[in-house]
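What follows is a set of notes on a single structure, which appears directly below.
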Amino acid sequence: MFKNIEEQLKIIKRGIVDIVREDELVDKLRRSIKSNKPLRIKLGLDPTAPDIHIGNAVPIHKLRHFQELGHTAILIIGDYTAFVGDPSGVNKTRPQLTHKEIKDNTKTYLNQLGKILNLEKTEIHYNSSWFSEMKFTEVISLVSKMTVARMLERDDFTKRYNSGIPISLHEFIYPLMQGYDSIMIRSDVEIGGTDQTFSLLVGRDLQRDKNMEPQVALTTPLLEGTDGNKKMSKSLGNYIGIYEEPKEIFGKVMSIPDNLMCKYFELATDATQEEIESHLKVHPRQTKVNLGKAIIRRYHSEETAERAAKEFDRIFKERKLPDDVSQIQISSEDTGENHKLWLVKLLVLSGFSSTNGEARRLITQGAVSIDDKTLTDPSVEVEIKTGMVLKVGKRRFAKIIVNSTS
RNA sequence: GGGGAGGUACCCGAGUGGCCAAAGGGGACAGACUGUAAAUCUGUUGGCAUAGCCUUCGGAGGUUCGAAUCCUCCUCUCCCCA
């Protein structure tokens with residue numbers, strides 16, 4: 001039923017950073033094969049942002065690999081830990097979320113997770129189901145398992161502490177909560193990004209303390225965002241969401257620095273090592289095009305990937321209009337009798353600019369054109385006609401529709 | 001509990017009575033160029049129908065012709081001592 005150990009290890013070890021400890025994993029796999037019992041593989045996700053992006057999808061894909069190997073994928077939705085806010089890798093306290101935000105995020109998460117995992121075969125737990133029942137004495141007993149010195153050993157805390165950035169007490173509790181999850185679901189393996197290493201190891205300690213066999217900690221690399229140097233994250237705005245429009249994904253991929261292409265291939269596509277190597281041999285622009293397509297293919301279809309690539313060429317190489325220009329309604333009330341509108345006002349009304357000043361700036365900078373004619377005079381009034389195409393910058397287009405009000 | 005240092009625009013950070021709508025960097029946006037929403041270079045980056053006016057420097061008051069800068073109180077953070 002299960003593949004042999006070598007084959008399983010080959011798949012498990014692709015694209016990961018570290019296994020603590022590999023001998024324990026081998027042992028667990030051996031026993032699993034012998035007793036024909038799947039391993040319990042844990043991945044915790046805090047619904048802190050409404051979207052899954054290709055960076056935090058890396059460990060999810062790893063979980064999928066285990067699922068494909070016949071093991072039990074276990075998702076912990078950290079609806080309770082999201083309250084606490086994971087301090088890992090951040091340099092300031094995360095804002096605490098409200099119940100509603102967490103609930104909404106959870107919903108979109110599950111939707112999006114279905115793109116990667118087979119949810120029917122996935123065990124899903126909400127950690128609120130145990131934490132909300134917990135007594136204060138139990139909290140104390142959990143907290144007593146950790147020392148301040150060990151917490152402060154962590155690089156992210158040390159940095160924050162040394163540079164005088166506040167660390168709130170509740171942030172210390174986070175790794176313990178994550179570890180407690182491992183006890184509750186009796187995980188054999190836990191997957192996480194390298195920034196999770198500490199928490200994963202705490203899980204081992206806590207399980208051992210409960211006389212359970214400690215979980216194996218499996219860490220995946222962190223993917224840099226589109227800016228090329230910071231970890232991909234929603235809050236930095238350097239992410240590529242798996243649920244984004246294909247053309248949006250494509251554009252964002254095209255904007256990553258060249259030297260990141262290899263890593264993206266490895267972590268964000270299904271390409272094999274040989275395929276990656278051959279991709280890297282062609283012209284860098286073509287490599288990036290292939291990368292963009294490969295990423296889209298993973299979440300959408302082959303066809304949409306092709307279309308997104310073509311569309312990109314049309315807009316940015318040939319400087320033509322995209323095939324579906326979004327429409328913007330302008331009420332005839334705004335245009336008045338003569339059907340004319342101050343250009344600045346038009347930009348604000350159509351949402352391309354939030355203030356008149358910004359609109360004025362865009363116009364003087366030569367960013368604004370109507371039906372391919374660039375307009376640089378901010379005081380100009382333009383006649384508004386249905387069907388005319390307003391372009392702002394290189395990538396923002398809108399077709400104007402005049403709404404007559406009676 | 002005692003003492004000290006701080007809170008500046010989207011972020012970091014200079015500024016310690018007028019020359020401050022506030023240096024510098026990052027980010028963002030725009031233009032040129034190109035292999036792309038890469039890289040590089042240049043410009044813009046509080047609001048306002050725009051030589052001018054209005055609102056910003058944790059909050060509330062006060063001193064002054066004039067305050068981000070001085071004073072008082074409040075509030076939050078950091079450091080040292082206990």
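Only this structure's heavy atoms are used, side chains among them; waters, hydrogens and symmetry mates stay out. Letters A, B, ... are given to chains in the order of the sequence lines, protein chains preceding strands, and every chain is numbered from 1.
A donor-acceptor contact closer than 3.5 angstrom links the side chains of A/Gln215 and A/Ser187. Residues A/Gln67 and A/Thr122 bring a donor and an acceptor atom of their side chains to less than 3.5 Å of each other.
Distances were taken from every side-chain heavy atom of A/Glu381 (C-beta onward) to each of B/rA49, B/rA37, B/rA30; the shortest belongs to B/rA49. The nucleotide whose nearest atom lies closest to any side-chain atom of A/Thr355 is, among B/rC48, B/rU45, B/rG35, B/rC48.
Taking the charged nitrogens against the carboxylate oxygens, A/Glu171 and A/Arg160 do have a contact shorter than 4.0 Å, which makes a salt bridge. Between A/Lys10 and A/Glu7 there is no salt bridge, since no side-chain nitrogen of the basic residue lies less than 4.0 Å from a carboxylate oxygen of the acidic one. Between A/Arg285 and A/Asp313, at least one side-chain nitrogen of the basic residue sits less than 4.0 Å from a carboxylate oxygen of the acidic one, meeting the salt-bridge criterion. Residues A/Lys28 and A/Glu24 are not paired through a salt bridge, judged by the lack of any N-O separation under 4.0 Å between the basic side chain and the carboxylate. A salt bridge links A/Asp205 with A/Arg208: the distance from a Lys NZ or Arg NE/NH1/NH2 to an Asp or Glu carboxylate oxygen falls below 4.0 Å.
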Requested in this report: Evaluate the criterion ring-ring contact (aromatic ring centres under 6.0 Å, His included) for residue pair A/Phe316 and A/Phe312; output intermediate values, then yes/no.
Outcome: CA-CA 6 Å; A/Phe316 297 105; A/Phe312 186 89; 4.6 Å; yes

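A tilted orientation is assigned to the rings of A/Phe131 and A/Tyr180, their planes being inclined by 30° to 60°.
Residues of residues 257-269 of chain A that place a heavy atom closer than 4.0 Å to RNA chain B, in numerical order, are A/Pro257, A/Asp258. At a non-hydrogen distance threshold of 4.0 Å, A/Lys288, A/Phe312, A/Phe316 from residues 288-316 of chain A come into contact with RNA chain B. Listed in residue order, the members of residues 365-376 of chain A having a heavy atom less than 4.0 Å from RNA chain B are A/Gln365, A/Gly366, A/Ala367.
Checking the phosphate oxygens (OP1, OP2) of B/rG31, a side-chain nitrogen or oxygen of A/Lys394 falls inside 4.0 Å. Not one side-chain nitrogen or oxygen of A/Arg361 sits closer than 4.0 Å to the OP1 or OP2 atom of B/rU44.
When Watson-Crick and G-U wobble pairs are counted only if both distances are under 3.5 Å, B/rG17 pairs with no nucleotide at all. Nucleotide B/rA37 forms no Watson-Crick or G-U wobble pair with any nucleotide shown, as no partner meets the under 3.5 Å limit on both distances. In this entry B/rC53 has B/rG47 as its Watson-Crick or G-U wobble partner, both defining distances falling under 3.5 Å. Base-pair partner of B/rA30: B/rU42 (Watson-Crick or G-U wobble, both distances under 3.5 Å). Judged by Watson-Crick or G-U wobble contacts below 3.5 Å, the nucleotide B/rU64 has no partner.
In this structure, A/Leu362 atom CG and B/rU45 atom C1' are separated by 11 Å, rounded to whole Å. Going from atom CD of A/Glu224 over to atom P of B/rA38 covers 18 Å, rounded to whole Å.
Between A/Tyr299 and A/Thr304 the shortest side-chain heavy-atom distance does not fall below 4.5 Å.
Counting any heavy atom pair closer than 4.0 Å across all strands shown, A/Gly393 reaches sugar-phosphate atoms only and no base atom.
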Can you give the donor-acceptor pairs under 3.5 Å from side chains of residues 237-249 of chain A to other protein atoms, not counting sequence neighbours?
unit_1, atom_1, unit_2, atom_2, d
A/Asn238, OD1, A/Ser233, N, 2.9
A/Asn238, ND2, A/Asp227, OD1, 3.0
A/Asn238, ND2, A/Lys230, O, 3.3
A/Asn238, ND2, A/Lys231, O, 3.4
A/Tyr239, OH, A/Lys234, NZ, 2.9
A/Glu244, OE1, A/Lys252, NZ, 3.0
A/Glu244, OE2, A/Gly241, N, 2.5
A/Glu244, OE2, A/Lys252, NZ, 3.1
A/Lys247, NZ, A/Asp324, OD1, 3.1

Query raised in the report: Going 5' to 3' along nucleotides 75-82 of chain B, which nucleotides have protein heavy atoms under 4.0 Å from the base (write B), which only from the sugar-phosphate (write S), and which from neither (write -)?
Result: --SSS---

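Checked against ring-ring contact (aromatic ring centres under 6.0 Å, His included), A/Tyr264 has no partners two or more places apart in sequence or in another chain.
The residue among A/Ser379 and A/His283 whose nearest nucleotide of RNA chain B lies closer to the 5′ end is A/His283.
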